[in-house]
Amino acid sequence: MFYSSLYTHYFWVTMIYGSAMAIFMVAYLRRSYFQFWKPITLFFFLYCLVAYAITDGLLIKQESTTQNRIFGYASSYAMVFSKLGHEKVNDKTRETDPLYLELVQMQKDWLAANPYIADIFTMKKDAKGRTYLAVDSETDYDRNGKYESDREQRTAIGELYTNPVAALKGAFAGEARFTTETYSDRWGDWMSAFIPLKNREGKLDGILGIDFFAEAYFWDLNRICFLAFLFFGVLFVGFVVSLHKHNRLSLALIEADKARRVKSDFLANMSHEIRTPLNGIIGVAELMDSSGMNTSELEKLHILRTSSKTLLSLVNDILDFSALEADKIRLEEVAFDLNSLIDSILSMFSLSAQEKGIYLRFDHRPLTESLAYGDPTRVRQILVNLIGNAIKFTSQGGVSVRVEREETPGQAPRYKVLVQDTGIGIHVEDQSRLFKSFSQADASTTRKYGGSGLGLAICKSLVELMGGEIGVQSEPSRGSTFFFSFVSKEA
Ligand code: ADP
């Protein structure tokens, strides 16, 4: 019988959680065969232990709550019986005795008022020490309003009760007791509470018993087991599903990272291979003597020179970009003069600024001592890109460069370089995209001004490597100010 005793519940609870734990133990020990379980088997082993402890705790709690409630009823019934003079009823009492009938009626009223209880009765011991039933009312077990079978009829006073269970014997010894497992008699299968009845002098008069249908009693506990299993089961499945998803996601990320590396390596190798013949083309184009050429030939030579240079800078960008993606760039840490670095870049661009009819100047030189520590090649690369862009997108006014030195006590100084132009400007919504690879403010700029959209993405990665920040402030038609900073880690 599944409901026969509390121990049966512990048996099932232990069986279920125990097998779950055993499965996870095996999975853990043979984890090389269960890739997916590897990191979580131990966790689920502990999970089962905790779930077991909680279910167990709930069962004990429910049991003691039920029993305390019942002892509460039983004590109050016993008190009333003692007050009414139950001690006067014995195996000699006649069935028509008014006190006896009053007690029987009282039992019937209690039973009607408390459907959770199946039966209430009292027992005493005769002169020979045998247990007999004293007051036991008719009981409408099936609650159909009739006392039909022999089982539902009133038990005659003095009927001997053979084979009393341990809890009943305990109650006769003066202790309130509850049965620990289901027992059966001619009326049914029960779980019962027995409490001693006292006479007016406080001596043992007999016992008062309350029966519960074993099935109903254990159903409460079954329900708790069932709900606990359901709850922990659902939680378990939820964990597994989300871990499975997480697992798939991280596998996908690893794959994506691999693919990214393959792509970067491929790009780096290809760019490298393309660069060699391209340098040959550029070299030859530069060496070609243009003195005897007619206009059309000169134009073609110009196209050859500018196209090959553009191609080289694009290839260089791709090479840098893939090296940055593959974490292959190592920065230098040397001392360099930031002012003269900027001067040299500006003189490099001065011709193209002149051709466009715009100014190009170094506005602000606050540094009496402009020695910075870092990687001058990369600082130059960033500045060439920002100043080149500024000139490219400016047709009126001009471009100015400023440098600020930021000092925080206890920290390495930072340099902030600002490149301000009065060019076409950039819409706010486009500004955040600029620093992402292959992205340009507006697709139409590609057509008009060319470019790969890699320059600023490379700058951003380089600036981050230098422990600085890069950003832009801009307003369409009014111009832009690009700035970047880097930490000057003085040796
Ligand atoms: P590209 O090689 O295409 O110039 P960048 O990453 O250097 O790539 O620049 C990305 C885009 O940012 C440009 O195409 C342009 O739309 C915008 N941009 C950059 N600098 C400026 C600037 N000074 N003024 C206006 N737009 C700019």
Side-chain angles (χ1 to χ4, degrees), residues 264 267 271 274-275 278 306-325 329 342 345-346 348-350 352-353 355-363 377-403 416-466 468-485:
S264 298
L267 278 179
S271 314
I274 294 170
R275 220 158 41 156
L278 199 54
T306 48
S307 307
S308 49
K309 277 187 187 153
T310 312
L311 192 55
L312 183 65
S313 86
L314 180 63
V315 169
N316 281 338
D317 271 1
I318 294 177
L319 203 63
D320 269 345
F321 176 71
S322 46
L324 278 164
E325 271 218 319
I329 286 202
I342 294 172
I345 300 170
L346 292 187
M348 186 179 96
F349 278 111
S350 63
S352 42
E355 278 172 1
K356 290 192 84 173
I358 57 175
Y359 62 81
L360 176 63
R361 56 180 188 238
F362 194 177
D363 253 358
T377 321
R378 296 303 177 180
V379 173
R380 164 183 275 274
Q381 187 180 354
I382 297 165
L383 272 168
V384 166
N385 197 72
L386 297 188
I387 297 171
N389 276 348
I391 295 175
K392 186 157 93 177
F393 295 107
T394 306
S395 49
Q396 274 173 356
V399 178
S400 58
V401 180
R402 275 189 295 144
V403 174
K416 187 172 180 183
V417 187
L418 301 98
V419 179
Q420 187 169 21
D421 68 54
T422 55
I424 60 171
I426 306 158
H427 284 284
V428 180
E429 57 269 29
D430 293 328
Q431 288 175 11
S432 58
R433 273 197 291 125
L434 293 181
F435 300 96
K436 295 195 179 123
S437 43
F438 306 108
S439 105
Q440 292 173 323
D442 170 356
S444 63
T445 54
T446 324
R447 264 171 273 131
K448 190 166 169 197
Y449 300 97
S452 62
L454 274 180
L456 289 177
I458 293 172
C459 291
K460 181 170 160 59
S461 303
L462 288 174
V463 167
E464 278 167 3
L465 276 179
M466 294 176 181
E469 280 160 22
I470 189 165
V472 64
Q473 275 167 350
S474 182
E475 223 180 292
S477 318
R478 305 203 58 167
S480 322
T481 303
F482 278 84
F483 59 87
F484 76 96
S485 59

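Whatever order the structure lists ligands and atoms in, that order sets their numbers, starting from 1. Treat the numbers as computed from the prediction; the structure is a model and nothing was measured. Heavy atoms only: backbone and side chains are in, while hydrogens, waters and symmetry mates are out.
- Contact atoms of ligand 1 toward Ala390: 23 (N) (distance under 4.0 Å to a heavy atom of the residue).
- If you number the atoms of ligand 1 from 1 as listed, the ones under 4.0 Å from a heavy atom of Leu434 come out as 11 (C), 12 (O), 17 (C).
- To the nearest 0.5 Å, atoms CD (Gln381) and CD1 (Ile345) are separated by 10.5 Å.
- With a 4.0 Å cut-off on non-hydrogen atoms, Asp317 does not touch ligand 1 at all.
- Scored by the side-chain contact (heavy atoms from CB on, under 4.5 Å) test, Ser313 finds no partners at all (sequence neighbours excluded).
- Considering backbone and side-chain atoms together, Gly425 places no N or O closer than 3.5 Å to any N or O of ligand 1.
- For Glu429, the CD atom is densely surrounded, since the number of other residues' heavy atoms within 6.0 Å is greater than 12.
- In this structure, Ile458 CD1 and Leu324 CG are separated by 6.5 Å, a value rounded to the nearest 0.5 Å.
- Set against the non-hydrogen atoms of Lys392, the atoms of ligand 1 under 4.0 Å away are 4 (O).
- At least one heavy atom of Phe482 sits under 4.0 Å from some atom of ligand 1.
- For CD of Gln431, the number of neighbouring non-hydrogen atoms (other residues, nucleotides, ligands) closer than 6.0 Å is greater than 12.
- The heavy atom nearest to atom 25 (C) of ligand 1, considering only Ile426, Asp430, Asn385, is found in Ile426.
- Legend: residues meeting side-chain hydrogen bond (donor to acceptor under 3.5 Å, both in side chains) with Arg478, ordered by chain and number and at least two apart, are absent.
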